[in-house]
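To keep things clear, I will list the structure first and then write my remarks on it.
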Amino acid sequence: MFASAPASSLHLSHPAFGTRRPRLARCRSSLASSSSSGAAPPPANANHLIQTLCANGRLARAAALLPGLPAPTQRTYESLLLAAARAGDAALAAAVHRRLEADPVFRSDPFLSTRLIESYAALGALPAARQVFDEAPEKSIFVWNALLKALALADHGDEAIARLSDMGWLGVPVDSYSYTHGLKACIAVSASHAPASARVREVHAHAIRRGYALHTHVATTLIDCYAKLGIVSYAESVFAAMPERNVVSWSAMIGCYAKNERPADAIELFKDMMASDPDLVPNSITIVSVLNACAGVNALGHGKLLHAYILRRGFHSLVSVLNALMAMYMRCGCLEDGRNIFNWIGHRRDVVSWNSLISGYGMHGFGHEAIQVFEEMVQVGLSPSIITFISVLGACSHAGLVDEGKELFESMVDYSVKPRAEHYACMVDLLGRAGQLDEAVELIESMHIEPSPQVWGALLGACRIHGHVEYAEMACSHLFDLEPRNAGNYVLLADIYARAKLQNQVDVLKDLLEEHALEKVTGCSWIEVKKKLHSFTSVDNKNPPVEQLHALIGEFVAEMKNEGYVPDTGIVHYDIEEEEKERILLGHSEKLAVAFGLINTGSGEVIRITKNLRLCEDCHSVTKFISKFTEREIVVKDVNRFHHFRDGICSCGDYW
DNA sequence: TTAGGGTTAG
């Protein structure tokens, strides 16, 4: 009823407004008269007019008025600089800069020096920002901090450290802003002398000496820096030492666990946060981080609780939250629930929503559906991003859609997306999995950029599937240089040698692993039962309940052997008796998690398991058998994709 | 006047 009445008439006719013309109407009339004034002298209220034009994005008109303006105010300069930065108009920023240099009233004004530096930084013009700083006669702390921010934006970590040190010997008192900008500059990835972790530790030590390390913003930034560097223990120390934590610092620590492969700790910390203080209310960023962590461990129960919380607290008005919720469902194996949320988001879908759906179909092996969603996305007028192509090419790879993948890869140029190493890695994976190893190698050789470890890793993975020793050695000759500490590459090559019955080569690799003190990633599987996470590793066989699980698996295997199953002991690298190898296979974490699920869940329930590595062939065979024998649906998410086991068949079609 | 945490892939 109210919506049908024009808003303006409601307001203007209200007695509370009296007979004065409303402010907006006055601005409109000024704008109208100014547009026809041409080169006439600026009106008396020109300062106000320029500010209004800037606020309305009419920069050309505002810029045209500036030269004739006898006395620009500080506010006018500020409006022009902010608008120039917002519109990406470097020429306007430079014109304002020139005008300001000639202005005896404001040329030394530190407020405007700050704004100039900020604008140049936002426009990507670091040399100009640096010049303004160097020439600023009065360098207030704001001017210094603006320079540090500019250096952070431009990824100049070493220079930021040098400037912080300048502040020290010049006696300029640093403040908390100096540290937050300085730290952000430190974790920049581009050319630098010192590694990022050394720079962060240096600024951290500096902050401790000046008494700023526990300041809420500084400490939160420190947590985030250590999170990005993967040094979780340092982030934990900073978080533990804070006297005063708020929702942002908690979220930063939760995010630190989530992005460093400790999703279970992220969920636990979220619970601690909720229990620690009733005034501490999670916000949308907290929710997104925890949803991400739920997906990381397949904690569907927790994810559903969060879904209810989102609806209760009104977070479903935010697309970012819905995107994260949708991704959580799909990454927890519930593709349909994810699709329903995508449908529900409706016209508010952004590129992330589309990418999530494409990757969701991809990770579940629905390649054609992923391509269809890609086409729909293009049809509704959205531009596919770098990630869209990674998602859709990955989907083709999982489904073995070689021709479709090639076509999409070639179409990238039509969308102005330049193929990156990630896209080549997808293509090598696609060709390699499909057995087209020569073509995969040709593609690598044709690359115009340096092949990344992911590209060689994809080739190595394909060699493992197809037992190609020569190309595996070629891939490893690069991988051992590029990532010498990655034990996984040594293990994969050893696996390929073992299957080729090259035991001597296997032993050489094992010696190398030992010599360099490289540790294999322990196989680990998770299962959530009654909203509690249970994890299993293949090395933990001292736990009494594990004996029960071993026994149950043993019974299934005995039954399978009657039907002709032969345990795939080829993947056990130890030079031991066959019987012992079989015993090792029985203890694989994924089998233990399946057995635990069978014992602890109801007969109709879907068993959902997550594994931190690729599912091995033997576990795959055994799980197929168990799904048929027990008439249970088992969904396993490995490091690459989903496997839906039902009635003795896996959704991957044994292609993974 | 300035600042801190999040989403999609591999």
Side-chain angles (χ1 to χ4, degrees), chain A residues 74 78 82 109-115 117-118 121 140-150 152 175-184 215-225 227-228 235 239 242 245-256 258-259 266 282-293 295 318-328 330-331 338 342 349-360 362-363 385-395 397-398 420-426 428-429 452-455 457-458 461 639-641:
Chain A
Q74 192 189 48
E78 185 192 21
L82 289 174
D109 182 19
F111 175 88
L112 289 175
S113 299
T114 306
R115 286 285 183 249
I117 293 171
E118 285 171 351
S140 69
I141 185 65
F142 294 100
V143 177
W144 277 96
N145 290 342
L147 177 72
L148 291 169
K149 185 182 176 183
D175 65 9
S176 58
Y177 292 79
S178 320
Y179 285 113
T180 51
H181 293 313
L183 284 166
K184 275 182 167 290
H215 180 282
T216 311
H217 283 79
V218 177
T220 305
T221 310
L222 277 165
I223 290 170
D224 187 50
C225 287
K228 287 184 172 128
F239 184 69
M242 288 178 80
R245 297 174 191 156
N246 60 20
V247 66
V248 183
S249 40
W250 280 91
S251 302
M253 194 61 223
I254 290 169
C256 173
K259 64 177 143 245
N283 60 26
S284 67
I285 296 178
T286 325
I287 300 292
V288 168
S289 299
V290 184
L291 281 170
N292 193 21
L318 298 169
V319 176
S320 60
V321 172
L322 294 178
N323 285 343
L325 187 64
M326 167 187 163
M328 183 280 293
M330 294 188 299
R331 290 174 62 198
F342 177 83
R349 291 166 199 148
D350 59 16
V351 70
V352 177
S353 326
W354 287 91
N355 289 352
S356 299
L357 188 64
I358 292 170
S359 72
M363 69 179 87
S385 67
I386 289 165
I387 294 177
T388 313
F389 279 104
I390 296 173
S391 308
V392 75
L393 291 174
S397 182
H398 290 312
R420 293 185 175 196
E422 293 100 310
H423 302 105
Y424 281 99
C426 289
V428 171
D429 189 58
S452 63
Q454 287 70 35
V455 173
V639 74
N640 290 323
R641 59 166 297 152

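Proteins get letters first, then strands, A, B, ... in listed order; numbering begins at 1 in each.
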Given dG5(B), dA3(B), dT2(B), the nucleotide with the shortest approach to the side chain of Ser251(A): dG5(B)

Distance test, side-chain N/O of Thr114(A) to OP1/OP2 of dT2(B), below 4.0 Å: no

Heavy-atom donor-acceptor pair, Asn246(A) side-chain to dG4(B) base, under 3.5 Å: yes

Phosphate OP1/OP2 of dT8(B) contacted by Arg331(A) side-chain N/O (<4.0 Å): yes

Between P of dG4(B) and CZ of Arg245(A), the distance in whole Å: 21 Å

Sugar-phosphate, base or nothing in reach of Thr286(A), heavy atoms under 4.0 Å: base

Gap between atoms CG and P, on Asp175(A) and dT2(B) respectively (whole Å): 12 Å

Nearest to side-chain heavy atoms of Asn292(A), which nucleotide of dG4(B), dT8(B), dA3(B): dT8(B)

Phosphate contact (dG6(B) OP1 or OP2) by Asn323(A) side-chain N/O below 4.0 Å: no

Sugar-phosphate only, base, or nothing, as touched by Thr216(A) at under 4.0 Å among non-hydrogen atoms: base

CE on Met242(A) to NE2 on His215(A), rounded to 0.5 Å: 9.5 Å

Under 3.5 Å donor-acceptor pair, Ser289(A) side-chain atoms to dG6(B) base atoms: no

Any N/O donor-acceptor pair, Ser320(A) side-chain to dG6(B) base, under 3.5 Å: yes

Phosphate contact (dT2(B) OP1 or OP2) by Lys184(A) side-chain N/O below 4.0 Å: no

Between Tyr177(A) and Trp144(A), ring centroids under 6.0 Å: no

OG-CG distance between Ser284(A) and Leu318(A), expressed to the nearest 0.5 angstrom: 5.5 Å

No-hydrogen, no-angle side-chain donor-acceptor test under 3.5 Å, Ser320(A) and Asn323(A): no

Phe111(A) side chain, from C-beta outward: closest of dG10(B), dG4(B), dT1(B): dT1(B)

Ser289(A) side, atom OG; Asn283(A) side, atom CG - distance, nearest 0.5 Å: 9.0 Å

Closest approach of Glu78(A) to Leu112(A) (non-hydrogen atoms, all atoms of both residues): N-CD2, 4.0 Å

Side-chain donor/acceptor of Asn283(A) to base of dG6(B), under 3.5 Å: no

Touch class at under 4.0 angstrom, heavy-atom based, for Val218(A) against every strand present: nothing

Asp224(A), nearest nucleotide to its side chain (from dG6(B), dT8(B), dG10(B)): dG6(B)

Length of the CG-P vector between Leu291(A) and dG5(B), whole Å: 19 Å

Sugar-phosphate only, base, or nothing, as touched by His423(A) at under 4.0 Å among non-hydrogen atoms: nothing

Closest listed nucleotide, where the reference is the side chain of Ser359(A) and the choices are dT8(B), dA3(B), dG5(B): dT8(B)

Side chains of Ile387(A) and Glu422(A) in contact at under 4.5 Å (non-hydrogen atoms): no

Side-chain donor/acceptor contact of Ser176(A) with base of dA3(B) under 3.5 Å: yes

Sugar-phosphate, base or nothing in reach of Glu422(A), heavy atoms under 4.0 Å: base

Nucleotide dA9(B), atom P - distance to CD1 of Ile387(A) in whole Å: 8 Å

Base dG4(B) to side chain Thr220(A), donor-acceptor N/O within 3.5 Å cut-off: yes

Lys259(A) side-chain N/O to dG5(B) phosphate OP1/OP2 under 4.0 Å: no

Sugar-phosphate only, base, or nothing, as touched by Asn145(A) at under 4.0 Å among non-hydrogen atoms: base

Separation of atom CD in Glu78(A) from atom C1' in dT1(B), rounded to whole Å: 7 Å

Between dT8(B) (C1') and Leu322(A) (CG): distance, integer Å: 14 Å

Distance in angstrom units between Trp144(A) CH2 and dA3(B) C1', rounded: 19 Å

Between dG6(B) (P) and Ile223(A) (CD1): distance, integer Å: 11 Å

Touch class at under 4.0 angstrom, heavy-atom based, for Met363(A) against every strand present: sugar-phosphate

